[in-house]
Amino acid sequence: MLNFTVGPVQGDEAIMAIGGEQVPYFRTPEFSAVMKESEELMKEFTGVGEAGRTVFITGSGTASMEAAVINLFDEKDKLLIVNGGSFGARFVKIAEIHKIPYEEIKLDIGKALTAEKLAEYDGKGFTGFLVNIHETSTGVKYDTDLIGEFCRKNNIFLVVDAISSFLCDPLNMKEQGVEVMITGSQKALACPPGVSVIVLSEKAVKRIYDHDPGCMYLDLRDALDNGERGQTPFTPAVGILRQINARLKAIKEAGGVNSEIERMKALAADFRNRIEDLPFEIVSESMSNAVTPIHPTTASAYDIFTILKDEYGIWICPNGGDLKDKIFRVGHIGALTIDDNKTLMDAFEDLRRRGII
Ligand SMILES: *Cc1c(COP(=O)(O)O)cnc(C)c1O
């Protein structure tokens with residue numbers, strides 16, 4: 001199968017081969033060194049600065065979203081949450097469950113967050129801002145500079161879910177005022193699912209130590225303490241952490257985070273050029289390099305997904321709920337090439353010849 005979903009995605013052969021090895025015992029100086037190296041590479045790739053920290057959570061991206069919220073905020077806070085799709089709704093649900101006061105900025109499908117919209121929330125006493133910087137469900141990338149500026153001005157603590165944006169779109173935590181950023185193993189890191197990563201600014205680390213999350217497994221104080229010696233409080237997904245380490249090192253060797261972003265940008269641009277003559281509409285005002293969200297104007301999006309899967313050996317990414325028949329997404333993350341874009345394009349052309357689209 002050729003995989004154009006948004007995760008799990010295709011991994012490089014060398015990284016995938018590590019997944020077939022025996023899983024080593026991990027309370028050793030050798031494994032600690034691997035973890036410390038991964039922490040440093042994550043700090044470098046996110047621009048968090050020397051005093052920043054990285055924690056690795058065994059649990060998918062959502063575990064780290066919840067961990068970030070409960071370790072940084074409580075009922076005395078007032079959160080502003082951007083809700084432009086199913087991942088924004090997930091942050092809302094987390095705040096709801098943990099009884100943290102919040103207001104949401106609801107955005108219509110495909111719409112970007114504008115300076116005018118944000119200005120309505122100026123000077124309203126918010127203490128935290130939660131945003132999925134790339135709302136993967138609808139393929140909308142929000143403006144990090146705009147949000148960072150707003151948070152700086154209003155003295156709001158900014159948490160960015162960059163789960164599908166890390167390694168795809170430029171990010172510099174220090175320059176853009178991002179205190180916490182989250183990513184996951186199965187998106188552009190192109191490893192198996194099961195691990196998520198939280199990068200914390202110095203300010204975020206202090207805030208965590210001043211706060212009781214009321215949860216044992218996701219207590220980031222414990223994770224930070226253990227991380228000082230390259231360890232985790234509990235048995236982590238050791239195999240995936242080894243794959244993440246190899247992947248981060250490979251990115252570094254290939255020129256670093258900016259080269260990886262450029263590679264992704266070129267793949268996305270190539271795909272977007274190729275589909276111009278097809279009966280497809282791009283539904284996002286502002287896209288990430290990670291994903292192209294498409295409304296097929298002549299056929300059901302879900303039917304196209306099914307036919308490509310069953311008859312062409314290609315996975316694109318379907319949408320759920322109300323958007324099931326309206327939108328599918330094509331991911332550009334993972335070990336994909338321009339030739340893979342051509343293969344997908346040939347399949348779309350064939351669907352057109354057959355009168356399916
Ligand atoms: C994939 C993704 C997540 C995490 O989902 P999991 O299934 O828990 O890994 C969260 N936010 C965004 C924006 C995502 O793209």
Side-chain angles (χ1 to χ4, degrees), residues 3-11 46 55-70 79 81-95 97 104-107 109-113 129-144 147 158-169 171 178 180-199 217-218 236-237 240-241 243-244 247 264 268 283-284 286-293 315-321 323 327-334:
N3 186 346
F4 285 94
T5 69
V6 296
V9 298
Q10 294 182 172
T46 54
V55 295
F56 295 86
I57 300 291
T58 292
S60 76
T62 308
S64 281
M65 289 168 73
E66 187 158 18
V69 172
I70 65 176
L79 303 177
I81 306 175
V82 181
N83 181 0
S86 58
F87 291 107
R90 195 170 297 182
F91 263 145
V92 169
K93 192 167 175 186
I94 292 170
I97 286 172
E104 49 186 314
I105 308 179
K106 273 257 194 192
L107 297 172
I109 292 162
K111 295 292 175 208
L113 177 63
F129 194 109
L130 306 181
V131 62
N132 320 91
I133 205 68
H134 172 222
E135 174 50 78
T136 325
S137 65
T138 55
V140 177
K141 165 80 172 66
Y142 304 121
D143 183 340
T144 317
I147 294 170
L158 174 57
V159 174
V160 166
D161 160 4
I163 294 178
S164 65
S165 175
F166 175 62
L167 299 176
C168 301
D169 310 303
L171 169 74
V178 176
V180 176
M181 95 102 211
I182 304 164
T183 193
S185 56
Q186 84 276 25
K187 302 283 167 83
L189 272 172
C191 287
V195 170
S196 45
V197 189
I198 311 178
V199 181
Y217 196 78
L218 295 177
I240 300 169
L241 288 168
Q243 289 174 296
I244 290 174
R247 170 77 169 127
M264 219 66 85
V283 292
S284 165
S286 163
M287 281 186 286
S288 158
N289 293 316
V291 171
T292 305
W315 278 311
I316 55 170
C317 205
N319 268 64
L323 300 178
I327 298 177
F328 65 75
R329 293 161 297 161
V330 173
H332 310 297
I333 56 183

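In listed order, ligands and their atoms are each counted from 1.
Side-chain contact between Met65 and Asn132: present, with at least one pair of heavy atoms (C-beta onward) separated by less than 4.5 Å. You'll find the side chain of Val140 reaches within 4.5 Å of the side chain of Ser284, heavy atoms only.
To the nearest 0.5 angstrom, Ile182 atom CD1 is 5.5 Å from Asp161 atom CG.
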Just list the N/O pairs, ligand 1 to protein, that are under 3.5 Å apart, with the distance for each.
unit_1   : atom_1 : unit_2 : atom_2 : d
ligand 1 : 8 (O)  : Ser60  : OG     : 2.5
ligand 1 : 8 (O)  : Gly61  : N      : 3.3
ligand 1 : 8 (O)  : Thr62  : N      : 2.9
ligand 1 : 8 (O)  : Thr62  : OG1    : 2.5
ligand 1 : 9 (O)  : Gly61  : N      : 3.1
ligand 1 : 9 (O)  : Gln186 : NE2    : 2.8
ligand 1 : 11 (N) : Asp161 : OD2    : 2.6
ligand 1 : 15 (O) : Thr136 : OG1    : 2.5
ligand 1 : 15 (O) : Lys187 : NZ     : 2.7

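A side-chain hydrogen bond (donor to acceptor under 3.5 Å, both in side chains) check over residues 185-195, counting only residues at least two apart or in different chains, returns nothing.
Qualifying side-chain contact (heavy atoms from CB on, under 4.5 Å) partners for Ala190, counting only residues two or more places apart in sequence or in other chains: Val9, Arg247. Contacts of Thr144 classified as side-chain hydrogen bond (donor to acceptor under 3.5 Å, both in side chains), with partners at least two apart in sequence or in another chain: Lys141.
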